[in-house]
Number of protein chains: 2
Amino acid sequence: MTKQRKVVYDVLLEERDHPTAQTIFERAQNELSSVSLATIYNCLDALVSHDVVKQVNIDREPSRYCANLCEHGHFHDQSTGDIIDVKFKPDVDLTQFLDLPQGAVIENLELNIKGFLKQ
Amino acid sequence: MTKQRKVVYDVLLEERDHPTAQTIFERAQNELSSVSLATIYNCLDALVSHDVVKQVNIDREPSRYCANLCEHGHFHDQSTGDIIDVKFKPDVDLTQFLDLPQGAVIENLELNIKGFLKQ
DNA sequence: GTCTTTTTTAGAACTATTCTAAATTTGCTA
DNA sequence: TAGCAAATTTAGAATAGTTCTAAAAAAGAC
Ligand SMILES: [Mn+2]
Ligand SMILES: [Mn+2]
Ligand SMILES: [Zn+2]
Ligand SMILES: [Zn+2]
């Protein structure tokens, strides 16, 4: 855990708004002005591959990053651009409701919802 | 419906393996050797915005395209790279099992599963 | 403290996609 | 069918998020 990785991780814990690498870079610079964008990407890769951070890809937009480790989906508000965590109701296993191919072993399930908030 | 759009759509109906724009380009050239990659993108945009084709984005890989209009998710086999349609079991509404934010109106739901097929 | 390995950094490179502008095609109306 | 306007196609340039490269710095082991 280097200084840079700690700053990146702290940025993600501090404000849970699913920032992009660029936004994380800008926030990290407040703590560590010498940090580079390449390092932000390197740190995010390290955190993601150690399963401490999730990478969230919606459409073809820049990746966003999430420190919420509970299984959850994402609601993308199309009016504001906000991305909000969506928990599954207690004890729900979504895969029960799917016609999965024979012998399917699931490593990862991703649920992305687009819409808006009425009123 | 131009010649080019018909060829692109036919390619998608012919082989339902979720090809990329590049693969569609290569297949379309067999029918219409003068077609350009920019046109493939233009045609796909037209088909997607008329809701005749779905664009499937998984991770940061090139977009894939799907002519299956039933609501379905995608299983991404990590051993082969294949992307397989996953139907929802009859009469299942996945949004029932989610803690959606107050007033959420859903425009689109995307479900991507990564894993492999045992045996 | 020295040596080895890992990480950081700046900048170049990469690549899927979009943009530009000219040529072609399409579809309408005469 | 001919003429015209609008839409589409095309080749190639541009864009942008991300990855790569190689040198410098930092970390970790002994
Ligand atoms: Mn952001
Ligand atoms: Mn392909
Ligand atoms: Zn999240
Ligand atoms: Zn599909």
Side-chain angles (χ1 to χ4, degrees), chain A residues 1-12 17-66 74 76 81-83 110 112 114, chain B residues 1-12 17-66 74 76 81-83 110 112 114:
Chain A
M1 182 59 85
T2 62
K3 201 166 57 191
Q4 288 84 353
R5 288 177 183 178
K6 177 140 183 32
V7 168
V8 168
Y9 189 49
D10 286 348
V11 163
L12 287 171
D17 58 350
H18 303 91
T20 61
Q22 178 63 39
T23 299
I24 294 165
F25 176 47
E26 287 157 16
R27 292 180 190 171
Q29 282 182 306
N30 297 331
E31 299 302 310
L32 190 64
S33 61
S34 63
V35 76
S36 72
L37 181 57
T39 297
I40 302 297
Y41 278 105
N42 289 339
C43 291
L44 288 168
D45 279 358
L47 293 166
V48 168
S49 65
H50 287 80
D51 294 316
V52 170
V53 163
K54 284 185 188 167
Q55 183 167 358
V56 179
N57 295 305
I58 295 185
D59 297 340
R60 302 207 61 76
E61 294 178 6
S63 287
R64 291 166 173 272
Y65 296 87
C66 175
H74 290 103
H76 189 195
D82 292 350
I83 292 180
E110 224 168 281
N112 296 318
K114 272 184 289 188
Chain B
M1 183 60 81
T2 61
K3 200 166 57 190
Q4 289 84 352
R5 287 177 183 178
K6 176 139 184 31
V7 169
V8 168
Y9 189 49
D10 286 348
V11 163
L12 287 170
D17 60 349
H18 303 90
T20 61
Q22 178 64 39
T23 299
I24 295 165
F25 176 48
E26 287 158 15
R27 293 180 188 170
Q29 282 183 306
N30 298 331
E31 298 304 309
L32 190 65
S33 61
S34 63
V35 75
S36 73
L37 181 57
T39 297
I40 302 297
Y41 278 105
N42 289 340
C43 292
L44 288 168
D45 279 359
L47 294 167
V48 168
S49 65
H50 287 80
D51 293 316
V52 170
V53 164
K54 284 185 189 169
Q55 183 168 359
V56 179
N57 296 304
I58 296 185
D59 296 340
R60 302 206 60 78
E61 292 178 8
S63 287
R64 291 163 173 274
Y65 296 86
C66 175
H74 291 102
H76 189 195
D82 293 351
I83 292 180
E110 224 167 281
N112 296 318
K114 272 184 289 187

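In the text below, chain A, chain B and the rest are named by the order of the sequence lines, each starting its count at 1.
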B:R64 CZ to C:dT17 C1', in whole Å, measures 16 Å
Rounded to whole Å, CG of A:D59 lies from C1' of D:dG17 at a distance of 15 Å
Out of C:dT9, D:dG17, C:dT7, minimum distance to the side chain of B:R60 belongs to D:dG17
note: A:K6, atom NZ; C:dT8, atom P; distance rounded to Å ~ 14 Å
To the nearest angstrom, the CZ-P distance between B:F25 and D:dT9 comes to 14 Å
So do the side chains of A:R64 and A:I58 get within less than 4.5 Å of each other, counting heavy atoms only?
no
When rounded to whole Å, the CD to P distance for the pair B:E61 and C:dT17 reads 11 Å
Among the nucleotides D:dT19, D:dT18, C:dT18, whichever has the atom closest to the side chain of A:D45 is D:dT19
Side-chain contact check for A:Q4: nearest option of C:dT7, C:dT18, C:dT9 is C:dT9
Contacts of B:R5 and B:L37 projected onto DNA chain D by closest heavy atom; the upstream (5') one is B:R5
Quiz item: Reckon A:T2 has a side-chain N or O less than 4.0 Å from the OP1 or OP2 of D:dA27?
Solution: no
Of the listed C:dT7, D:dG17, D:dT10, the closest approach to the A:Y41 side chain comes from D:dG17
Out of C:dT8, D:dT9, D:dT19, minimum distance to the side chain of B:N42 belongs to D:dT9
message = Is there a side-chain contact between B:P62 and B:Q22 in this structure, where contact means two heavy atoms from C-beta onward sitting under 4.5 Å apart?
response = no
note: A:I40, atom CD1; C:dA10, atom P; distance rounded to Å ~ 11 Å
| request: May I ask you to verify if any side-chain N or O of B:T39 is less than 4.0 angstrom from the OP1 or OP2 atom of D:dT9? | output: no
The reported gap from CD in A:E61 to NE2 in A:H76 (rounded to nearest 0.5 angstrom) is 4.5 Å
Inset, instruction - Using a cut-off of strictly less than 4.0 Å, decide whether A:S63 has a side-chain nitrogen or oxygen near OP1 or OP2 of D:dT18. - result: yes
Whole-Å distance, A:M1 CE to D:dA26 P, equals 19 Å
So CD of B:E26 and OG1 of B:T20: to nearest 0.5 Å the spacing works out to 7.5 Å
Ranking C:dA10, D:dG17, D:dT9 by distance to the side chain of A:A38, first place goes to C:dA10
Rounded to whole Å, the OH-P distance (A:Y9 to C:dT7) equals 18 Å
